[in-house]
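Below, chains carry the letters A, B, ... as their sequence lines are ordered, and counting in each starts from 1.
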Amino acid sequence: MSVATIHQALSGQIAENSNVTVQGWVRTRRDSKAGFSFLHVNDGSCFDNIQVVAPADLGNYESEVRKLTSGCAVRCSGQLVASRGRGQAFEIQAESVEVAGWVEDPDHYPIQPKKHSFEFLRQVAHLRPRTNTFGAMTRVRHATARAIHEYFDQEGYYWVNTPIITASDAEGAGQLFRVSTLDMMNLPRDEAGRPDFSKDFFGKETFLTVSGQLNVEAFCLALSKVYTFGPTFRAENSNTARHLAEFWMVEPEVAFADLDDLATLAESFLKFVFERVLETRADDMAFFAGQIEPSAIDRLRQVVESDFVRMDYAEAIKILKNCGQDFEFKVDWGVDLQTEHERFLTEKHCRAPVVVMNYPTEIKAFYMRLNDGGETVAALDVLAPGIGEIIGGSQREERLDVLTRRMTEHDLDLDTYGWFLDLRRYGTVPHAGFGLGFERLLNYITGMANIRDVIPYPRTPGNAAF
RNA sequence: UCCCCGGUAGCUCAGCUGGUUAGAGCGGGUGACUGUUAAUCACUAGGUCGUUGGUUCGAAUCCGACCCGGGGAGCCA
């Protein structure tokens with residue numbers, strides 16, 4: 001009697017009429033007076049449950065099987081047979097049902113076979129993996145991460161694990177989480193009375209990273225094609241469906257590449273990932289399209305099949321000014337595009353993903369490459385129908401004198417970033433990269449509305465439970 | 001951080017212009033029925049109405065404060 005996953009049992013990988021054992025958690029139980037009970041069991045290996053038919057002549061039928069409720073852990077052995085009922089091809093005719101773990105106090109078990117609000121499920125984050133939605137989310141999250149690694153691997157990129165703890169603030173802005181082992185009740189002080197970080201663990205002030213980009217640039221200028229994929233931290237007091245204090249970010253960085261090369265990469269990357277997820281998690285995507293967001297599958301297909309439109313920021317502004325649409329935020333050259341503008345461009349004007357390129361210098365970060373004339377930098381945003389910005393990136397400033405000047409303008413400490421400037425001193429080349437919020441990508445793929453529901457344990461202001 | 005909305009049974013909610021013992025569906029228990037599909041039917045248990053002050057003869061209902069949750073904005077990925 002071999003142990004099988006429910007996926008194996010249901011997908012025809014196991015010969016009909018052979019004996020199998022499945023292990024998982026009961027979703028529902030229905031009793032039939034004809035002399036058996038139906039157990040629906042899920043082990044997370046696929047979206048579907050397997051139906052176990054438990055006959056009344058099992059030794060523990062009255063004492064145990066008839067007392068099973070949602071959430072009980074069971075080991076079921078028997079013959080895998082063609083189902084006599086509708087709704088599933090195979091089922092297990094049980095010869096034994098062993099209860100591995102009971103549910104204490106079933107009428108208070110939070111996960112019932114019914115719809116729960118996502119707000120409620122966040123409060124039981126340790127049990128929500130047992131729901132259809134979070135099972136599907138977890139598998140799609142995995143499939144997406146895999147697709148990302150697979151894409152970069154086949155394109156010759158190396159995954160670089162940049163540090164989580166850092167002494168530098170990558171963007172010169174944004175709130176950071178402090179990392180310290182100092183005794184907060186008894187802080188060592190310098191002469192000015194300020195905390196003396198030279199006594200801290202690293203001998204200086206340190207934080208959790210807000211981006212791996214600066215660190216990965218060093219590897220880019222040696223290994224040519226690299227990317228980061230890891231956790232990122234922002235201590236901003238943002239309370240929205242799109243922000244987390246701890247999230248995962250993907251940041252490819254390519255040497256000998258310009259902004260157009262980057263736009264090409266972004267397009268090919270997104271298409272590959274969407275296509276792969278649709279292919280590998282068809283069951284879960286069907287669930288998201290059926291229960292969460294009707295367009296979930298169609299809009300991914302549309303991105304895969306469409307040609308991305310490329311336009312300059314200046315052109316985007318011109319379109320928005322002349323389109324006759326009344327926007328809440330006025331459009332003019334020099335302003336950053338609001339979500340309403342981005343969505344107009346991608347959903348109404350182009351009806352396709354749009355890459356907006358060459359933004360005003362003022363509204364972008366110091367490391368982005370200054371275009372001729374200095375008015376704009378070589379930055380791009382990829383806008384997708386239904387969500388807006390999904391990727392932001394730029395060609396990097398590779399010229400030492402220009403970068404030094406811009407860092408000074410942004411009030412950055414040149415000593416802290418000495419190593420970053422070194423990269424422009426020794427064999428500098430044009431290079432470019434982008435950043436993609438992994439959870440935002442998952443929101444887009446699954447149609448889940450809140451970013452707190454596409455990460456196992458969301459960290460947001462005032463909430464680090466579990 | 002700002003602006004709105006909400007907190008009533010294990011869950012989803014109704015009740016809220018103040019007035020006898022606070023309701024429903026689902027879930028739990030018991031029974032009936034059935035190769036059932038979130039089955040169906042009957043019965044049943046279950047609530048200090050977020051906390052705390054106040055107004056009142058009387059507060060789930062009105063007012064204040066606080067706590068928690070959600071939506072929107074800003075910031076951004």
| said: Without decimals, in angstroms, what is the distance between A/Asn132 CG and B/C11 C1'? | reply: 16 Å

| Mind checking who B/G64 pairs with, Watson-Crick or G-U wobble, both distances under 3.5 Å? | B/U52

| query | How far does the C1' atom of B/G69 sit from the matching atom of B/C76, given to the nearest Å? | reply | 23 Å

| request: Taking atom P in both B/G58 and B/U21, compute the distance separating them and give it to the nearest angstrom. | output: 15 Å

| Sugar-phosphate, base or nothing in reach of A/Arg122, heavy atoms under 4.0 Å | sugar-phosphate

| In terms of side-chain heavy atoms of A/His40, which of B/G35, B/G28, B/U37 is nearest? | B/U37

| query | Hey, is the side chain of A/Glu119 pairing donor to acceptor with the base of B/G7 inside 3.5 Å? | reply | no

| Below 4.0 angstrom from OP1 or OP2 of B/G70, is there any side-chain N or O of A/Arg452? | yes

| message | Using a 4.0 Å heavy-atom cut-off, does A/Thr232 contact any base of the nucleic acid, only the sugar-phosphate backbone, or nothing at all? | response | nothing

| query | Atom NZ of A/Lys114 and atom P of B/U37: how far apart are they, to the nearest Å? | reply | 20 Å

| remark: Taken to the nearest whole Å, CD/A/Gln51 to P/B/U36 is 10 Å

| Nearest-angstrom distance, P atom, B/C62 to B/G25 | 27 Å

| When the nearest nucleotide of RNA chain B is assigned to A/His243 and to A/Phe38 on a heavy-atom basis, which residue is associated with the more 5' position? | A/Phe38

| With a non-hydrogen cut-off below 4.0 angstrom, is A/Gln93 in contact with a base, only sugar-phosphate, or nothing? | base

| query | Salt-bridged, A/Arg369 to A/Asp258, with N to O below 4.0 Å? | reply | no

| task | Report the base-pairing partner of B/G23 (Watson-Crick or G-U wobble, both distances below 3.5 angstrom), or none. | result | B/C13

| How would you label the contact of A/Ile391 with the nucleic acid (heavy atoms, under 4.0 Å): base, sugar-phosphate, or nothing? | nothing

| query | Of all the choices, B/U1, B/A38, B/U34, which nucleotide is nearest to the side chain of A/Lys115 once you look at every atom? | reply | B/A38

| query | Between B/U34, B/G74, B/G71, which one does the side chain of A/Ala241 approach most closely? | reply | B/G71

| Are A/Arg396 and A/Glu253 close enough for a salt bridge, meaning some N to O gap below 4.0 Å? | yes

| request: Measure the distance from CD1 on A/Ile92 to P on B/U37 and round it to the nearest whole Å. | output: 20 Å

| With sugar-phosphate meaning primed atoms plus P, OP1 and OP2, does A/Asp105 contact a base, only sugar-phosphate, or nothing at under 4.0 Å between heavy atoms? | nothing

| message | I'd like to know if A/His116 reaches the base of B/C11 with its side chain such that a donor and an acceptor end up less than 3.5 angstrom apart. | response | no

| request: Determine the contact category for A/Thr240: base if any of its heavy atoms lies under 4.0 Å from a base atom, sugar-phosphate if only primed atoms, P, OP1 or OP2 are that close, otherwise nothing. | output: base

| query | Given atom CE of A/Met368 and atom P of B/C76, what is their separation to the nearest angstrom? | reply | 11 Å

| Taking the same atom, P, in B/A22 and in B/A60, what whole-Å distance lies between them? | 10 Å

| query | Under 4.0 Å between a side-chain N/O of A/Lys33 and OP1 or OP2 of B/A32, yes or no? | reply | yes

| request: Ignoring backbone atoms, test whether A/Arg29 places a side-chain nitrogen or oxygen under 4.0 Å from the OP1 or OP2 oxygen of B/U36. | output: no

| message | Pairing check on B/G74: which nucleotide meets the Watson-Crick or G-U wobble criteria with it, both distances under 3.5 Å? | response | none

| request: May I ask you to verify whether the side chain of A/Asn49 and the base of B/U37 hold a donor-acceptor pair under 3.5 Å? | output: no

| Atom-to-atom span, NZ of A/Lys67 to C1' of B/G29 - whole angstrom | 11 Å

| said: Just checking A/Phe36 against A/Tyr61, ring centres under 6.0 Å apart? | reply: no

| said: Please determine whether a side-chain nitrogen or oxygen atom of A/Gln338 lies at a distance below 4.0 Å from atom OP1 or OP2 of B/G74. | reply: yes

| said: Using a distance-only criterion (donor-acceptor N/O pair, under 3.5 Å, no hydrogens), is the base of B/U1 paired with the side chain of A/Glu236? | reply: no

| query | For B/G71, does OP1 or OP2 lie under 4.0 Å from any side-chain N or O of A/Asn450? | reply | yes

| request: Using atom OH of A/Tyr109 as one end and atom P of B/A9 as the other, report the distance to the nearest whole Å. | output: 20 Å

| In Å and rounded to the nearest 0.5 Å, what is the CZ to NE2 distance from A/Phe366 to A/His410? | 8.0 Å

| said: Could you tell me how far B/C49 sits from B/G23 if I compare only their C1' atoms? Round to whole Å. | reply: 12 Å

| task | Measure distances between side-chain N and O atoms of A/Ser238 and base N and O atoms of B/C75, and say whether any donor-acceptor pair falls under 3.5 Å. | result | yes

| Given the C1' atoms of B/G74 and B/C67, what is the spacing between them in whole Å? | 25 Å

| task | For a ring-ring contact (aromatic ring centres under 6.0 Å, His included) with A/Phe269, tell me which candidate from A/Phe308, A/Phe152, A/Phe274, A/Tyr227 qualifies. | result | A/Phe152

| query | NA contact type, A/Gly85, heavy-atom cut-off 4.0 Å: base, sugar-phosphate, or nothing? | reply | base

| request: Determine the Euclidean distance between corresponding C1' atoms of B/U12 and B/G70; express it in Å to zero decimal places. | output: 15 Å

| field | Contact summary for A/Thr460 and A/Arg452, nearest pair of heavy atoms | value | CG2-NE, 3.6 Å

| In the structure shown, which nucleotide is the Watson-Crick or G-U wobble counterpart of B/G31, with both distances under 3.5 Å? | B/C41

| How long is the line joining OH of A/Tyr359 and C1' of B/C76, in whole Å? | 13 Å

| What nucleotide, of B/U1, B/U37, B/G35, holds the atom closest to the side chain of A/Arg86? | B/U37

| task | May I ask you to decide whether A/Lys330 forms a salt bridge with A/Asp332, counting only side-chain N to carboxylate O separations under 4.0 Å? | result | no

| task | Sort out for me which residue in A/Asn132, A/Asn49, A/Asp48 forms a side chain to side chain donor-acceptor pair (under 3.5 Å) with A/Asn42. | result | A/Asn49

| query | Between A/Glu217 and A/His431, is any side-chain donor less than 3.5 angstrom from a side-chain acceptor? | reply | yes

| request: Using a 4.0 Å heavy-atom cut-off across all strands, classify A/Phe36 as base, sugar-phosphate, or nothing. | output: base

| query | Using the C1' atom in both, what is the distance from B/U55 to B/C13, to the nearest Å? | reply | 30 Å

| A/Glu439 or A/Ser83, whichever maps to the more 5' nucleotide of RNA chain B | A/Ser83

